[in-house]
Amino acid sequence: MRLILLGAPGAGKGTQAAYICKRFGIPQISTGDMLRAAVREHTGVGLEVASILENGQLVSDELVNRLVRERFEQADAAAGALLDGFPRTDVQAEALDAILGADGVKVCVNLDVPDALVMARLTSRRVCQECGNIYRESDIEAISQTCSNCGGDVVQRADDLPEAITRRLEAYERDTAPLLSFYERRGLLVRVDGDQDAHDVTAQLLSVLAERGIS
Ligand code: AMP
């Protein structure tokens, strides 16, 4: 099974993606995680995109399309995958069709959240630099800056500062929100209310997947 998780930054995609991937035994393909890893490891791609990520802008379609195409060539993604943060533009959605075939995606879930919630969530978000575990600024792990999962450093992402969040929301409205109608026209779109406790979001997500024969 292949599914797409859409939603504004801070909608809870990462949290839900980790759960769904574990539950169904499929890899999470997060272009944001791949790009952040490249920046951390100072690869050629990392050097090219570091300041773009920091500013909250989108990197080029060409680059992320290539990363996703190469990722789907790996054996673990053959049976299924969850796409988190891709596609983000209509060019990327078309590239995904070219990679997987037009009927390659089984369902596209959008996590609906209001902008004010996004701002509150992202400014208080802290992440483990190593494993990506997410914390609130009031969590003990965030205060002590040590991840309870892997011992990595817990930090605030540069693009979780208010000006960058505003730019990410603008990019989402301009480039990504139109994809909702793209997938709706294909009968693939389902909406889940992301403005609730993470466990309730997961329960709703599992139930919409079950309605589509994924359980
Ligand atoms: P995310 O973790 O999904 O919020 O992504 C973090 C940042 O990585 C974004 O603000 C963009 O700069 C970049 N990025 C991630 N995925 C994409 C994509 N599909 N297209 C363009 N830029 C992306």
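Counting starts at 1 for both ligands and their atoms, in listed order. Heads up: numbering here begins at 1 and tracks the sequence.
The closest approach between Arg36 and ligand 1 falls below 4.0 Å for a heavy atom of the residue.
At least one N/O-N/O distance between Gln92 and ligand 1 falls below 3.5 Å. Close N/O approach between Phe86 and ligand 1 is not found [any backbone or side-chain N/O within under 3.5 Å]. Annotation: Gly85 places an N or O atom under 3.5 Å from an N or O atom of ligand 1; distance criterion only.
Within the listing of ligand 1, atoms 7 (C), 8 (O), 12 (O), 13 (C) sit less than 4.0 angstrom from a heavy atom of Leu53. Atoms of ligand 1 lying under 4.0 Å from any heavy atom of Val64, numbered from 1 in the order shown and given with element: 18 (C), 20 (N).
No side-chain heavy atom of Leu83 sits under 4.5 Å from any side-chain heavy atom of Leu3.
Considering all non-hydrogen atoms of both residues, Cys150 and Cys131 come closest at SG-SG, 3.8 Å. The shortest heavy-atom contact between Pro87 and Thr176 is O-CG2, 4.3 Å. Residues Ile26 and Ala81 come closest through the heavy atom pair CD1-C, 3.8 Å.
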Using the side chain to side chain donor-acceptor pair (under 3.5 Å) rule, take Gln196 and Gln204 through it: C-alpha gap first, then chi angles, then the decisive distance, then the call. CA-CA 10 Å; Gln196 43 181 344; Gln204 210 181 322; 2.5 Å; yes

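With distances taken over non-hydrogen atoms, the option nearest atom 4 (O) of ligand 1 out of Glu54, Arg88, Met34 is Arg88.
None of Arg168, Arg167, Arg126 except one satisfies the salt bridge (Lys or Arg N to Asp or Glu O under 4.0 Å) rule with Asp160; the exception is Arg168.
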